[in-house]
**Q** 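One structure is given below, represented as structure tokens, and several questions about it will come after.
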Amino acid sequence: MLFMAESYDFASIEHKWQSRWERDASFRAPNQSGKPKYYAMEMLPYPSGDLHIGHAKNYSIGDAVARMMRMLGYNVLHPMGWDAFGLPAENAAIARGADPAAWTTENILNMRRQIRLMGTSYDWSREIATCEPEFYRWNQWLFLRLYERGLAYKREAPVNWCPQDQTVLANEQVQDGRCWRCGHLVERRNLSQWFLRITAYADRLLDDLDKLSGWPDRTRTMQRNWIGRSEGATFAFAVDGLDAGIEVFTTRLDTVYGVTFLAVAAEHPIVAALESIISAERSAQIAAFAESLKSKSELERTSLMEKRGIFTGAYAIHPLSRERVPIWVTSYVLADYGTGAVMGVPAHDQRDFEFARKHALPVVTVVVPPDEAAVVPDVSFVEDGRLIASDDFSGMSSERARAEIAGRLETLGIGKRSVNYKLRDWLISRQRYWGTPIPIVYCPRCGEVPVPDKDLPVLLPPGVRLGGEGSPLASVAEFVETTCPTCGEPARRESDTMDTFFDTSWYYLRYLDPHNDQLPWSPARAQQWMNVDQYIGGAEHTVLHLLYSRFFYKFFHDRGWVEGSDEPFAHLFHQGMVLRDGEKMSKSRGNVVGIDETAEKTGVDAMRLFLLYVTPPEDTSDWTDEGISGRVRLLHRIWRACRPFLERAAPARGESLRALPPAESDDDKVLLRAVHLVAKSAVEETLSRRFHYNTTIAKLDELVNAMTAAAGTRPDSPALLYAVRTMPLLIAPFAPHIAEELWEGLGNRGSVHLESYLEPDERALVLDEITLVVQVNGKVRARIRVPASIARERALALALEEPNVLAHLEGKPVRKQIYVPGKLVNIVA
RNA sequence: GGGAUGGUGGUGGAAUAGGCAGACACUACGGACUUAAAAUCCGUUGCUCGAAAGAGCGUCCGGGUUCGACUCCCGGCCAUCCCACCA
């Protein structure tokens with residue numbers, strides 16, 4: 001070594017450049033620019049207290065993409081904000097007797113500090129927090145626009161109720177029958193609640209998934225399944241002795257002659273209607289049965305419980321065969337899917353089969369396999385086949401029979417083809433305080449009255465007592481007691497607040513125009529910046545945020561507030577989780593990796609490199625102390641490989657830093673090629689949107705290995721100095737602080753992040769000489785060094801001179817010769 | 001029950017229009033430097049045989065296609081995730 005290299009002091013370097021970027025507002029995205037736009041966004045965090053390493057991974061990927069695209073010549077919009085309303089703030093406030101707003105503000109301050117500590121290139125001038133009136137007034141404004149179009153409505157319905165959190169939940173927020181926040185078993189309750197009519201967009205949300213070629217397939221499949229479109233028919237059975245019918249929905253109309261009972265949900269209206277024709281004793285039994293179901297949680301009632309049921313004593317008339325079939329009240333039919341009643345066909349539906357077995361109901365086979373194979377006992381035959389015992393439909397295929405029978409029912413006027421969705425309307429009412437007040441007033445005279453735009457925002461009152469029964473706002477007289485906007489008489493405000501997923505269904509538009517006090521965003525800004533070119537976040541939001549956002553965006557598009565595509569996120573990327581030594585991080589385990597301690601111990605450049613390097617970004621990463629120390633080592637090696645040479649490497653006045661020097665030796669060629677292999681990989685991984693920077697950083701390791709070797713043997717080689725000069729450009733997107741320090745050390749003024757990336761140069765990448773693999777019968781027997789331009793005949797001739805090749809040919813005649821240019825020769829004997 | 005994804009050394013991973021399996025890193029071991037340690041630098045590291053040259057085996061298992069298969073096809077096993085009486 002020529003002289004002692006000063007050691008790489010990451011702490012002061014990182015601090016220095018973070019201050020510089022902040023002072024210069026280096027990453028502000030101008031609305032006016034001659035460059036093409038690129039909107040890169042990571043999912044905004046909930047301000048829970050501390051940034052965790054999962055956030056860090058998300059932002060490391062997003063920041064690498066944003067910095068790469070900036071260096072590739074785009075005007076990059078890269079914003080950050082806070083998903084600041086929600087239950088944890090309220091629960092924390094209850095636990096400490098504090099104010100949710102204060103708790104949230106404190107957390108935002110801390111997490112903003114930590115995000116800045118990561119050195120991410122956000123445009124902080126566009127920062128938003130959803131709990132601020134400047135933001136949530138537009139939630140209310142958008143709610144009113146939805147309301148005007150009949151897309152927001154209130155109705156009484158069976159809903160998911162979490163007894164722990166004392167609030168209702170959307171379908172999407174119930175996981176395995178439990179509350180997604182607290183894990184408590186969810187109950188069913190009949191309550192009057194606000195819904196958004198997302199089902200009006202079900203077909204478009206489904207069909208347009210095909211347009212989203214930039215989304216992962218699994219995400220699209222999950223949304224497809226969640227929307228759950230199924231095509232079939234709805235038709236009615238008459239009730240014997242009563243002037244009423246029971247409608248059923250089925251996708252298997254071909255099995256209709258196999259109906260041996262009707263199964264209805266306990267909440268079905270017909271249950272009450274039947275009281276007039278059945279005995280009081282039975283009515284009481286049915287009521288008791290229904291009551292026993294009501295007290296069960298959804299989970300107990302469905303997955304965990306066997307199929308229970310009770311015979312009503314009443315019969316229905318089969319609309320085609322005219323046979324009488326018993327009507328049963330059951331536990332396994334869902335009240336809010338289809339019609340709340342199903343035709344029981346035990347021979348061809350496994351659930352009906354189990355129920356029929358238990359209650360000794362007949363099983364009538366009407367569809368048989370086409371190959372006449374024996375029907376397996378104890379299992380229903382659920383495939384399509386050929387119909388038997390089905391009047392004049394006998395002999396038809398299932399597919400044809402479905403069409404023919406639907407036609408018959410339509411002719412008879414007792415049924416029609418229909419479509420059902422698993423997707424339900426989105427329940428947005430929350431009986432909690434820390435959210436956007438729903439801007440509705442109830443007037444005794446005028447009824448439900450929307451708050452006029454000029455009265456927005458409806459402010460959340462401060463100092464509300466939390467933790468009692470019912471909705472906290474309901475007990476705040478100054479809030480609830482108001483006057484009717486229409487008639488001026490005393491009236492009551494709605495005391496429910498909105499699901500926070502309302503906020504995040506459109507927040508990406510607010511970044512475009514964060515200070516607009518006339519509109520949530522101006523259409524001109526939307527036209528300029530939308531769509532989001534690259535969205536990066538966790539996969540857990542697939543059927544929540546990502547579905548709701550699509551719904552909102554289609555609504556905005558229909559209203560003409562956004563133009564072009566009616567999908568908000570053109571490309572979506574899900575990063576994988578981060579574990580610690582193979583386990584989930586948690587406070588109780590005491591294995592949480594903190595951002596502050598990591599910044600102090602290893603520096604954030606090392607952390608970023610580690611998170612990008614340890615696995616492909618979509619995979620689960622495992623944080624280990626050994627792993628991170630490997631990346632610390634890399635940064636030290638880069639420092640030592642560059643620092644002593646910076647002065648000599650600095651380009652002379654008027655000389656281009658990027659000019660490729662001539663290679664004086666094979667070692668030089670290796671070095672120049674190593675530089676451009678990094679550049680090539682970085683560019684390709686970015687533009688292909690694979691973001692497998694783990695392979696890019698592996699090539700960086702190789703480059704540094706080559707530089708270290710060269711520094712020992714040829715410290716004055718132009719190739720080495722070129723590698724030193726270009727190093728800051730290469731690493732800028734991945735280790736932005738050390739990149740700036742080296743860039744400055746080369747005598748450059750201005751930020752390396754505003755430079756263009758090193759363009760991969762074919763002249764450096766191309767090889768003069770290659771290693772050709774020689775196989776005999778598909779097995780490698782020799783390797784020969786040959787000119788890259790070698791002709792086929794010459795390559796084959798050289799291969800046949802190799803002693804080991806000749807040995808394995810054993811003098812046998814050559815039957816075939818394969819030549820793959822640049823790769824291999826295979827001699828088949 | 002339905003759907004999706006995946007299975008490569010001691011470990012994370014690399015390799016895709018079918019063409020050198022194991023890049024790069026971690027761990028481990030050995031060497032140099034040091035009074036010593038740390039750090040650093042150099043080397044070895046899929047398994048078996050061999051002093052070496054080299055040989056055999058090897059990408060979950062069993063078949064198939066091919067001059068050639070981690071990669072494509074058929075059958076099976078295992079793992080993870082999501083959804084789930086959705087009629």
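Each chain gets a letter, A, B and so on, in the order its sequence line appears, and its residues count up from 1.
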**Q** Base, sugar-phosphate, or nothing: which does A:Val828 touch, judged by heavy atoms less than 4.0 Å apart?
**A** sugar-phosphate
**Q** In whole angstroms, how far is the P atom of B:U27 from the CG atom of A:Asp581?
**A** 13 Å
**Q** Which is true for A:Arg224 with a 4.0 Å heavy-atom rule: it touches a base, it touches only sugar-phosphate, or it touches nothing?
**A** nothing
**Q** Do the ring planes of A:Trp328 and A:Phe355 sit parallel (below 30°), tilted (30 to 60°) or perpendicular (above 60°)?
**A** perpendicular
**Q** As a test of reading the structure: which of B:A21, B:A23, B:G19 is closest to the side chain of A:Val780, going by heavy atoms?
**A** B:A21
**Q** With C1' as the reference atom in both, quote the distance from B:G64 to B:G68 in angstrom, rounded to an integer.
**A** 15 Å
**Q** Rounding to an integer number of angstrom, what distance separates B:A52 and B:U40 when you compare their C1' atoms?
**A** 33 Å
**Q** Looking only at side-chain atoms of A:Thr695, point me to the closest of B:A87, B:A14, B:A55.
**A** B:A14
**Q** If B:A32 has a Watson-Crick or G-U wobble mate with both distances under 3.5 Å, name it; if not, just say none.
**A** B:U40
**Q** Provide the distance between the two P atoms, one in B:G12 and one in B:G76, to the nearest whole Å.
**A** 28 Å
**Q** Output every pair passing side chain to side chain donor-acceptor pair (under 3.5 Å) with a member in residues 250-262 of chain A, not counting sequence neighbours, ordered by first then second residue.
**A** A:Arg252-A:Asp254, A:Asp254-A:Ser398, A:Asp254-A:Arg402, A:Tyr257-A:Asp391
**Q** Which base, if any, makes a Watson-Crick or G-U wobble pair with B:A87, both distances under 3.5 Å?
**A** none
**Q** Please determine whether a side-chain nitrogen or oxygen atom of A:Ser230 lies at a distance below 4.0 Å from atom OP1 or OP2 of B:A87.
**A** yes
**Q** Let's see if you can work this out: which of B:G56, B:U27, B:G19 has an atom nearest to the side-chain heavy atoms of A:Ile818?
**A** B:G19
**Q** Using atom C1' in both nucleotides, what's the gap between B:A51 and B:G58 to the nearest angstrom?
**A** 25 Å
**Q** Using the side-chain heavy atoms of A:Tyr332, tell me which of these nucleotides is nearest: B:C85, B:A87, B:A15.
**A** B:C85
**Q** So that I can tick it off, tell me whether A:Lys422 and A:Asp336 are bridged by a salt bridge, with the cut-off set at under 4.0 angstrom between side-chain N and carboxylate O.
**A** no
**Q** Applying a 4.0 Å non-hydrogen cut-off, can you work out what A:Gly338 is touching in the nucleic acid: base, sugar-phosphate, or nothing?
**A** nothing
**Q** Can a side chain N or O of A:Arg640 be found less than 4.0 Å away from OP1 or OP2 on B:A39?
**A** no
**Q** Take a 6.0 Å sphere around NZ of A:Lys823 and say whether it holds more than 12 heavy atoms from other residues, nucleotides or ligands.
**A** no
**Q** What integer number of Å spans the P atoms of B:C60 and B:U11?
**A** 13 Å
**Q** Between A:Asn705 and B:A25, does any side-chain N or O lie under 4.0 Å from OP1 or OP2?
**A** yes
**Q** A:Tyr337 and A:Ser230: side-chain donor and acceptor closer than 3.5 Å?
**A** yes
**Q** Please name the nucleotide paired to B:G54 by Watson-Crick or G-U wobble geometry with both distances under 3.5 Å, or report none.
**A** B:C49
**Q** Taking only N and O in the side chain of A:Arg220, is any of them less than 4.0 Å away from OP1 or OP2 of B:U5?
**A** no
**Q** Using Watson-Crick or G-U wobble geometry with both distances below 3.5 Å, tell me the partner of B:U80, or none.
**A** B:A4
**Q** All N/O contacts under 3.5 Å from nucleotides 10-12 of chain B to the protein, with atom names and distances to one decimal?
**A**
{"from": "B:G12", "atom 1": "O2'", "to": "A:Val614", "atom 2": "O", "distance (Å)": "2.6"}

**Q** Report yes if the side chains of A:Glu685 and A:Phe691 come closer than 4.5 Å at any heavy-atom pair, otherwise no.
**A** no
**Q** Reading RNA chain B from 5' onward, which residue's closest nucleotide shows up sooner: A:Tyr421 or A:Glu685?
**A** A:Glu685
**Q** How far, in whole Å, is B:G10 from B:G63 if one measures between their C1' atoms?
**A** 32 Å
**Q** Any side-chain heavy-atom pair from A:Gln223 and A:Leu206 closer than 4.5 angstrom?
**A** no
**Q** For the base of B:C67, is there a side-chain donor-acceptor partner from A:Lys816 under 3.5 Å away?
**A** no
**Q** Let me confirm one number: the CG-CG distance from A:Leu809 to A:Leu800, rounded to the nearest 0.5 Å.
**A** 6.5 Å
**Q** Using a 4.0 Å heavy-atom cut-off across all strands, classify A:Lys422 as base, sugar-phosphate, or nothing.
**A** base
**Q** On a whole-Å scale, what distance lies between the P atoms belonging to B:U65 and B:G46?
**A** 33 Å
**Q** What is the distance from CD of A:Glu684 to P of B:U16, rounded to the nearest Å?
**A** 11 Å
**Q** For B:C26, take OP1 and OP2 only and decide whether either is under 4.0 Å from a side-chain N or O of A:Arg631.
**A** no
**Q** Identify which nucleotide among B:C42, B:C24, B:A4 has an atom closest to any side-chain atom of A:Glu702, counting heavy atoms from C-beta outward.
**A** B:C24
**Q** If you count heavy atoms of other groups shown closer than 6.0 angstrom to CZ of A:Arg785, is the number above 12?
**A** yes
**Q** Please find out if less than 6.0 Å separates the ring center of A:Phe734 from that of A:Tyr613.
**A** no
**Q** What does B:C72 pair with, Watson-Crick or G-U, if both distances are under 3.5 Å?
**A** B:G64
**Q** Among B:A87, B:G13, B:C85, which nucleotide sits nearest the side chain of A:Lys307?
**A** B:C85
**Q** Just label B:G22 as syn or anti from its O4'-C1'-N9-C4 or O4'-C1'-N1-C2 angle, using within 90° of 0 for syn.
**A** anti
**Q** Is it the case that B:C67 (base atoms only) and A:Asn826 (side chain only) share a donor and an acceptor within less than 3.5 Å, ignoring hydrogens and angles?
**A** yes
**Q** Using atom P of each nucleotide, how far apart are B:U71 and B:U80 to the nearest Å?
**A** 24 Å
**Q** May I ask you to evaluate whether A:Lys779 reaches the phosphate of B:C57, defined as a side-chain N or O under 4.0 Å from OP1 or OP2?
**A** yes
**Q** OP1 or OP2 of B:A55 sitting under 4.0 Å from any side-chain N/O of A:Asn804?
**A** yes
**Q** Where the side chain of A:Arg783 is defined as all heavy atoms beyond and including C-beta, which of B:C20, B:C67, B:A4 is the nearest nucleotide?
**A** B:C20
**Q** Choosing from B:G19, B:C24, B:C83, which nucleotide comes nearest the side chain of A:Asp701?
**A** B:C24
**Q** For A:Asp217, report the nucleic acid contact type (base, sugar-phosphate, nothing); a contact means any heavy atom under 4.0 Å.
**A** nothing
**Q** Can you check whether A:His808 has a side-chain N or O nearer than 4.0 Å to OP1 or OP2 of B:A55?
**A** yes
**Q** Which of parallel (below 30°), tilted (30 to 60°) and perpendicular (above 60°) describes A:Phe237 and A:Phe235?
**A** tilted
**Q** Is the shortest side-chain N/O distance from A:Arg633 to OP1 or OP2 of B:U40 below 4.0 Å?
**A** yes
**Q** Need the pair for B:A15. Rule: Watson-Crick or G-U wobble, both distances under 3.5 Å, any strand; none if unpaired.
**A** none
